[in-house]
Amino acid sequence: MSLVLFNDLTRKKEKFIPIKEGHVSFYSCGPTVYDYFHVGNARPFIVFDVLRRWLEHSGYKVTFVQNFTDIDDKMIHRAHKENITVKELAEKFISEYNKDAEALGIRKPDVSPRATEHIPEIINTIEKIIANGHAYVSEGDVYFDIQSWPKYGSLCKQNLEDLEAGARVDPTEKKKDPLDFALWKAEKPGEPSWESPWGKGRPGWHIECSAMSSKYLGENIDIHSGGVDLMFPHHENEAAQSEAASNNGKPFVNYWLHNGFLLIDSEKMSKSLGNFLTARAAIEKYPPLALRFFMLSAHYRSPINFTPEGLEQAAAGVMRLRNCKIDLDFASHTRKNNKSDFDINKFESELNELDKKFAEAMDDDFNTAAAMGILFDVVYLINTSLKEHEFLPEEFFESSLKALNTYDEILGVIGSDDSESENDDESKEIEKLISERTEARKNKNFARSDEIRNLLKARGIVLEDTPQGTKWKREL
Ligand code: AMP
Ligand code: ZN
């Protein structure tokens with residue numbers, strides 16, 4: 001089976017066929033950097049990073065672009081409030097974004113363009129739209145001319161009349177139609193501004209994504225993603241602008257993907273509702289791997305409810321996966337024997353079967369929830385083999401570890417455990433303490449043995465005594 005994605009443009013699952021064979025151009029709307037991002041925002045960052053990994057695992061060369069919105073009303077208000085410049089605010093929260101994203105195992109995009117560093121490209125895109133007859137200048141503002149664009153509404157599946165009926169009419173705006181949206185906003189006192197053919201001003205929000213995606217990915221791209229709230233008006237507007245600028249009759253985006261909301265008490269988590277938990281606070285409260293596990297255990301298009309119980313279950317899930325890896329590592333030191341009667345061919349063919357199922361799940365509109373289920377089947381298979389056989393051949397350990405590592409490279413929910421990195425200085429010190437404790441136990445010096453256990457416990461290291469020796473692991 002090859003990759004099938006639910007395309008919001010057609011509201012159907014479609015076979016994924018890239019524009020350029022073997023390559024994927026992928027644009028994902030990034031954060032507005034006026035504050036720390038919250039757990040709801042983390043959802044698209046995590047799930048689309050995993051889709052990117054899956055595409056790479058499937059052999060594509062992916063160019064993944066995710067922007068930083070570093071100029072808009074929210075940025076300006078917050079900078080005023082903090083008495084700093086918009087640029088200082090952006091610098092601070094881009095750096096905070098990078099810290100939290102790294103803690104959550106979100107890989108850096110190939111390009112992370114900032115709107116304010118692409119003003120010439122933005123102006124150039126607006127000029128093309130005006131030249132093609134789809135935008136007009138009005139007292140230093142530039143607006144997209146909705147009436148000139150019959151396709152408007154094709155992504156959000158609403159016709160112009162319905163959209164017009166719902167549009168907010170603001171008497172201070174100088175536009176022909178209430179649905180017309182700003183590509184360029186004339187300078188207002190106290191706001192950052194740039195020179196343009198229409199006078200000083202700043203770009204509208206939507207145009208930055210059109211200009212930056214075409215700069216880095218070309219006029220027509222394979223995948224564009226974001227939260228479902230971005231479908232209208234942001235993505236509808238981006239599509240109208242980009243297609244009006246390129247004027248080549250081709251769609252701006254071939255596959256539009258939108259993640260469902262992360263809810264809290266059945267409501268969308270959002271800054272404006274005040275019901276949010278920043279990713280920073282969440283990482284302090286829950287293991288980052290558990291947060292990833294939680295996000296990926298649902299289908300990306302379904303809503304998910306953020307609850308402490310859900311996070312505890314996710315942490316328990318991570319622990320099960322991790323324990324399997326630790327057990328495997330421990331057994332590889334104590335129970336490896338190539339003369340074992342273990343049926344390695346049967347084991348490997350079962351592992352292959354599960355691998356096929358994993359790929360089928362991921363290829364079926366990127367069903368990480370089902371793929372995680374398969375990962376647990378793999379763990380079950382490994383655990384059962386470990387339980388039922390005292391000695392196991394080298395290939396068993398190699399294949400099992402390779403499988404777990406591969407799934408972890410894609411999903412990032414197991415993590416490496418320090419007990420595996422034998423060369424690490426801290427691991428060596430822990431191993432030394434464990435040997436000392438084993439010696440103390442042999443000599444019936446239980447006071448010292450308990451002391452070492454407690455010492456390690458205080459450092460988050462948990463010991464487990466087994467007939468083959470003492471295993472250790474780090475608490476999540
Ligand atoms: P923003 O910084 O507000 O532009 O949002 C960044 C990303 O987070 C966008 O793709 C939004 O659609 C997405 N987003 C915002 N709130 C939520 C939520 N509660 N659940 C899922 N995605 C969200
Ligand atoms: Zn965007």
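Position 1 is the first residue of the sequence; numbering continues from there. Both counts, for ligands and for their atoms, begin at 1 and track the order of listing.
The closest protein non-hydrogen atom to atom 19 (N) of ligand 1 is M269 O, 2.8 Å. In terms of protein heavy atoms, atom 12 (O) of ligand 1 is closest to D229 OD1, 2.4 Å. Of the protein's heavy atoms, T32 N, 3.1 Å lies nearest to atom 2 (O) of ligand 1. The protein atom (non-hydrogen) at minimum distance from atom 22 (N) of ligand 1 is G40 O, 3.1 Å. Of all protein heavy atoms, the one lying nearest to atom 9 (C) of ligand 1 is L230 CD1, 3.7 Å. Of all protein heavy atoms, the one closest to atom 20 (N) of ligand 1 is L262 N, 2.7 Å.
Taking backbone and side-chain atoms together, H206 has no N/O/S atom less than 2.8 Å away from the Zn ion (ligand 2). Because the distance cut-off is set at 2.8 Å, E238 qualifies as a neighbour of the Zn ion (ligand 2) through one of its N, O or S atoms.
Less than 4.0 angstrom separates some heavy atom of G226 from each of these atoms of ligand 1: 10 (O). Listed by number with element, the atoms of ligand 1 under 4.0 Å from a non-hydrogen atom of P44 are 7 (C), 8 (O), 10 (O), 13 (C), 22 (N). Interface of G260 with ligand 1, defined as ligand atoms under 4.0 Å from a residue heavy atom, comprises 21 (C). Under a 4.0 Å criterion applied to the non-hydrogen atoms of N259, ligand 1 contributes the atoms 21 (C), 22 (N).
Ring pair F16/Y60: centre-to-centre distance below 6.0 Å. Not less than 6.0 angstrom separates the ring centroid of F306 from the ring centroid of H38. Taking the six-membered ring for Trp and the full ring otherwise, Y143 and F181 have centroids separated by 6.0 Å or more.
Taking 4.0 Å as the cut-off between side-chain N and carboxylate O, E91 and K87 count as a salt-bridged pair. Using a 4.0 Å cut-off between charged side-chain N and carboxylate O, E360 and K357 make no salt bridge.
In E102, the CD atom is not crowded: 12 or fewer heavy atoms of neighbouring residues, nucleotides or ligands sit closer than 6.0 Å. Counting heavy-atom neighbours within 6.0 Å of F376 CZ, excluding the residue itself, gives a total above 12. Taking a 6.0 Å sphere around CG of D265, one finds it holds 12 or fewer heavy atoms contributed by other residues, nucleotides or ligands.
Ring planes of H235 and H258: tilted class, angle from 30 to 60°.
Geometry about the Zn ion (ligand 2) gives an angle of 130° between SG of C29 and SG of C209, rounded in steps of 10 degrees.
Between the side chain of N7 and the main chain of N254, a donor-acceptor pair closer than 3.5 Å is present.
H234 has its closest N, O or S atom to the Zn ion (ligand 2) at the position named NE2.
Residue P31 is tested with Y36, F93, F68 for a side-chain contact (heavy atoms from CB on, under 4.5 Å); the sole match is F68.
Residue contact check for ligand 1: H38 places a non-hydrogen atom closer than 4.0 Å to it.
The closest heavy-atom contact to atom 10 (O) of ligand 1, among the options S225, G227, P31, comes from G227.
Contacts between N41 and ligand 1 below 4.0 angstrom, taking non-hydrogen atoms only, involve backbone and side chain alike.
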